[in-house]
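This report refers to the structure that appears directly beneath it.
Just so it is clear, the model here is predicted, and its values are computed rather than measured. Note on naming: letters A, B, ... go to the chains in the order of the sequence lines (proteins, then strands), and numbering restarts at 1 for each one.
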4 protein chains.
Amino acid sequence: MPALLKATASKRPKAAATPVVRGTKTKKRSSKSPKPATNLELREDSIRRLSEASFALFVAKGYHATSLDEIARAAGLTKGSIYFYFNSKQRLLLGLLEDAREAVVSPLLDHVHKIEGSATDKIAGFFRFSSLNGIEQPQKLLCLIKTSIEFRDRDDAISKRIVEIYDEIYSALETILEAGKKRGEIASTSTKELASMIVATNDGMMLEWHRRGANIDGRKLVRTVWTTFLHGIEPSN
Amino acid sequence: MPALLKATASKRPKAAATPVVRGTKTKKRSSKSPKPATNLELREDSIRRLSEASFALFVAKGYHATSLDEIARAAGLTKGSIYFYFNSKQRLLLGLLEDAREAVVSPLLDHVHKIEGSATDKIAGFFRFSSLNGIEQPQKLLCLIKTSIEFRDRDDAISKRIVEIYDEIYSALETILEAGKKRGEIASTSTKELASMIVATNDGMMLEWHRRGANIDGRKLVRTVWTTFLHGIEPSN
Amino acid sequence: MPALLKATASKRPKAAATPVVRGTKTKKRSSKSPKPATNLELREDSIRRLSEASFALFVAKGYHATSLDEIARAAGLTKGSIYFYFNSKQRLLLGLLEDAREAVVSPLLDHVHKIEGSATDKIAGFFRFSSLNGIEQPQKLLCLIKTSIEFRDRDDAISKRIVEIYDEIYSALETILEAGKKRGEIASTSTKELASMIVATNDGMMLEWHRRGANIDGRKLVRTVWTTFLHGIEPSN
Amino acid sequence: MPALLKATASKRPKAAATPVVRGTKTKKRSSKSPKPATNLELREDSIRRLSEASFALFVAKGYHATSLDEIARAAGLTKGSIYFYFNSKQRLLLGLLEDAREAVVSPLLDHVHKIEGSATDKIAGFFRFSSLNGIEQPQKLLCLIKTSIEFRDRDDAISKRIVEIYDEIYSALETILEAGKKRGEIASTSTKELASMIVATNDGMMLEWHRRGANIDGRKLVRTVWTTFLHGIEPSN
DNA sequence: GATGAATGAGCCTTCATTCAT
DNA sequence: TATGAATGAAGGCTCATTCAT
C-alpha cells in the first residue's frame, strides 16, 4: 500500500499487555500538534485529527467495518468527542464527503472548465488533474470512490449525497463530450456511456493503484491510462 | 439497478405478520422447487438457495452490512442452516468466491488463451467475453469485484484468496502483453501498468454499470469501452 | 493425564482440511468392533460406544462444555443416534450415573459391608477398594465425582439422583462409624463430620490424581492417603 | 448451601414483570450503595458488584453454565458493562482468579511461611488458616477450587493460570515436607504424594462443606479434618 | 471541550432438539 | 437402526449512541 495511506491509521496505541481490569486511560494529545493554546485551536485540532483518522480508516477498512472506537483511538481522543463534533457516525461520513467534494471534485471540475482547447484536451486534462491529485492526497478521492461503492443500492442520506456528487461529474463530462461531438473532435456516438467510461476508468485506476500498492508505479499507471484513453492500445502507425 | 440483480433477493417471505392462532406453519420451501424428494436434492436445493441469496445481498449491500439473518430469510431458511452447510460467514463468502472463480474467471482465461491472433485481438477478446458474461450473470463477477474492494488491506483468508485470484488474471494478461510487445503489436512500454489498467477498466466498467443501473445501456457501455480501449477516444483520421 | 482416561476421546476424526461446502460424511464403524452381526449386537455396540465416549468427554471437559456432536463423533455415530438411544442429553447423563452407581458404588458398599473386623478395618477397606477401583477404571468414579460438583445447587433430576447416590454412601459410613464409636474403636466424637471427611478425602484424592496425571504415582498416592488417614501424619513413636 | 454463599446472588431485581406504562425506570443502582458520586467511586462500585455476582454464580453453577446476562442482572447492570470493565467472559474469570489468589492463596502461604516450629505445626497451620478463611469468605476459595476442576484437561489461559497458582501451593508444601522429613518430623517417604494429599483433603473438605451446606457444621468438619490428619482416625492409646 | 460509564440492539455462532426417511 | 437436514433459543461479543460530570 502506498505509504501515504497509512499515515494516520498506524499511530494507534494498542492497549498495553493484558491488564486484568481495564484501567483508566492516561491522556495523550501531545503527539502531533505542540500545544493548542486557544479553544478555537483546540477545536480545529481535534476536528482535523478525527477527520484524518476517519479518512484513513474508512479507506482502509470501509465504513461498516470501522468502529468509532478505532477512529477515536487513532485520533488520540475518545468516542464521545466524535459525538461532540459530528453527532453520529453517518454525519461524520457526510462531513468527510463534503470535505472530499470541496478538496477534490470542485477543483477538478473548475480546472477542466478553465481548459481552453478541444474536448479531447479537456478529457485529457480531467484525467491528468484527477490522477495527480489522487496520487498526492489519495485519502479524499479514495474515500469518495469506496463510499460510492459501499453505499450503492441504499436509500439513505449518504447514498443520496454520493449520487449528487457523481451527477455533478457526469453532467460536466457530458457537456464537454456533447460539445466535442458537435465539433467532430470525438468519435463516439454515445455520450452517456462515454462519460460513464471516463468515470469508470478514473475510479478503477485509483482503486487499482490502491490495491496493488507498492507493486505498481502510480505515475506510470496514470500516464498509461490517459495515453491509452486518447490513442488506444494499438500503436499508431 | 439492473433487473437481474434482484432476482433472488426479492423473493423473501417476510415472516407473515403476527399470526393470531398458532396454526400449521406453511412450508416456505414449496414456493419454487416442486419436490426435493431425496436428501441429495434437498441438499443441493438449499445450498443453491443460500448461495443465490448470498450473492445477491453481498453484491447489493456488501459483506459487512449483510447479516446472516437476512440471507437466511431471503433463502427461505434459517440462520442455523447456513452453519449446517457452510461453517461460518467467512467460509460462506470463500465458497462464493470459489464459485465465482470457476464460473467467471476460469472460463475467461480459458477463452482468451484459445484466441489465435495478435495481442490486441486477445485483449479485445478479454474485454468482450468478460463484459458479455458480466452482463448476463452479473452476480458472480460483481461479488468478486466488490469483495476485492471491501477486503483490501486485510490479512485474513478472504483477502488472501482474492489476491490469488487476481494474480491469476494479472499473470495471464502480462504474458499476453509481453508477447505482444515483442511482436510490435502493442505500443506501451510498461507491461505491469497496462495489465493493471485493463483490470481497472474492466472492473470499473462493471461497477459503473452496476451503479447507474437503468440509466445506462450495458451493451453500449461495453462497446464503448473496448472500442475506446483499442483505438482511443480521438477519431481515427 | 493417566493414559486410560483418554482412551475413547482421542479417536475423533477431525474434519479433513477445509472443504468449501460441508460434504456428506462417509460412514465408518469398523474401527473397533469387527462386525456386529445381529441387530441386538448392533444395539449394544452402539450404546457401549456412546457411553464410553460420553464418560470420557464428561470427565475431561464436563457436562456443560461437552456437545452431543463431540460425543457422537467420538463414538463414530451421529447426534441423532444419541436421541434414538437416550432421548436427551440429560437422560444420557442419568444413564451414565446409573452405570457408575452399579459399577462403582454398589460393589464398594457391598465390599465394605462384608468386611469383618473393627470400624477402622472397614474404613481402611473402603479407601482401599475405592482407590484401586478408581485407578483401574477411573472414568465412572470420576464422572460421578465431577458431576456431583458441577450440579451442586441445582434442582433438576440429575442433582436429585446425585444426592441420592451420595446419601447411600454417607449412610453406610455413618452406620459403620457409629458402631465403631460404641465399641471404642474410633476416636472422633462427630460422626457426620467424619463421614463427610472420608468422602471428601476420597473424592479429593481422585480429583487430585486426575489433575496431576503423570506427575503423580496413583498407587503411592492411595497408600499415602489411607495410611495417613489411619495413623496421622506424625510418626508413631 | 451456607447462607453466606447466596448473599449477592439473591439480590437480583428480576426485571419488574411487564410494566403497563413505560414510565421512568427506577435506577437499580440505588438499592445498596448510597451515592457513587465521583466516577472513580462509580467505577469501583460497579467492578465490585460484577465481581461479587460472578463469584457467587460461578461457584453456584460453574463457569460454563453461567451466562453473562445472569451475572449482569445479579449485579444490577447490563451485559455491556461487563465488557466495559473486563473484556470477555474469560478475562472476567481470570480477574476473579487473580482476586482469589491475592485474597486467599498469598495470605495462606505467607501465614504458613511465618510459622515457627516443626513441619507438622506448619501443616496444621496450613489446614487451620485455610479452613477458617474458607469458612468466613468461601466464595474466593471455592471459585478457585471449582474452576480448577472445571478447567482440567484444557489448554487455555485459564487452565494455565490455575496450574501456576496450584504449583505455588504444591511447591510451598513440598519444601515444608522435605525439611520435615530431614528432621524426622514426618513419617511419610513420598513427599510429592503427601503434598497432593494435603491439597486433596483441603479442597475436598471445602467442596464437601459446600455440598452438604446446612447439614454439616463447618467448624466441626475443619477440626475433624486436621485432627485426623495429624493423628489418624484410630484413638491414640 | 471532552471523558468515562453504561446501555440495548443486533450480530455471529453454538447447540440441544425434532423429524422425515 | 441411524442419518442428514433443519430449527430456534440462547450465548458471547460488538458497537453506535446517550448522558452526567
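For the OP1/OP2 pair of F:dA5 and a distance below 4.0 Å, the side-chain nitrogens and oxygens of B:Arg43 include at least one atom meeting the criterion. OP1 or OP2 of F:dA6 has at least one side-chain nitrogen or oxygen of B:Ser46 nearer than 4.0 Å. Contact between the side-chain N/O atoms of A:Ser88 and the OP1/OP2 oxygens of F:dA16 is not found at any separation under 4.0 Å.
Under the side-chain contact (heavy atoms from CB on, under 4.5 Å) test applied with B:Phe86, the options B:Leu96, B:Leu94, B:Ile47, B:Leu68 reduce to a single match, B:Ile47.
One can place CG of C:Leu50 at 14 Å from P of E:dA16, the figure rounded to the nearest angstrom. Taking atom CZ on D:Arg48 and atom P on E:dA5, their separation rounds to 16 Å, with Å as the unit. One interatomic measurement links the two molecules: CG of B:Leu92 to P of E:dC11, which rounds to 16 Å at whole-angstrom precision. Following rounding to the nearest Å, A:Asp69 (CG) and F:dA16 (P) show an atom-to-atom distance of 8 Å. If you measure from atom NE2 of D:His64 to atom C1' of E:dT14, you get 12 Å, rounded to the nearest angstrom. Between B:Asn87 atom CG and E:dC15 atom C1' there is a gap of 14 Å when expressed in whole angstrom units. Atom-to-atom, CD of B:Gln90 to P of E:dT13 comes out at 8 Å; the value is rounded to the nearest Å. Remark: P of F:dG4 and CG of C:Leu68 are 16 Å apart, rounded to the nearest angstrom.
With the nearest nucleotide of DNA chain F identified for both C:Gly80 and D:Gly80, C:Gly80 has the one nearer the 5' end.
Atom CG of C:Asp156 has more than 12 neighbouring heavy atoms from other residues, nucleotides or ligands inside a 6.0 Å radius. Shown here is D:Arg161, whose CZ atom has more than 12 heavy atoms of other residues, nucleotides or ligands within 6.0 Å.
Of all nucleotides present, only F:dA16 satisfies the Watson-Crick or G-U wobble test against E:dT7, with each distance under 3.5 Å. Using N1 to N3 plus N6-O4 or O6-N4 for Watson-Crick, or N1-O2 and O6-N3 for G-U wobble, each under 3.5 Å, E:dT21 pairs with F:dA2.
Salt-bridge check for D:Glu52 with D:Arg48: passed, with a basic side-chain N closer than 4.0 Å to an acidic carboxylate O.
On a pure distance criterion of 3.5 Å, a polar donor-acceptor pair joins the side chain of C:Lys79 and the base of E:dT17.
Cation-pi geometry between D:Lys146 and D:Phe58 is not satisfied (NZ or CZ under 6.0 Å from the ring centre, within 45° of the ring normal).
The side chain of D:Tyr83 lies closest to F:dT14 when the candidates are F:dT14, E:dC12, F:dT17. Residue B:Tyr85 places its side chain closer to F:dA5 than to any other of E:dC11, E:dG4, F:dA5. The side chain of B:Phe84 lies closest to F:dA6, out of F:dA6, F:dA16, F:dC13. Of the candidates E:dA5, E:dA16, E:dT13, E:dA5 carries the atom nearest the D:Asn39 side chain, counting heavy atoms from C-beta on. Comparing E:dT7, F:dA16, F:dT3 by their closest approach to the side chain of D:Leu77 singles out E:dT7. Minimum atom distance to the side chain of C:Lys89 is reached by E:dT17, of the listed E:dT17, F:dG12, E:dC12.
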Apply salt bridge (Lys or Arg N to Asp or Glu O under 4.0 Å) to residues C:Arg73 and C:Asp69 and explain how you reach the verdict. CA-CA 6 Å; C:Arg73 215 181 311 134; C:Asp69 252 330; 5.4 Å; no
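Contacts of A:Ser81 with the nucleic acid, taken as non-hydrogen atoms under 4.0 Å apart, include base atoms.
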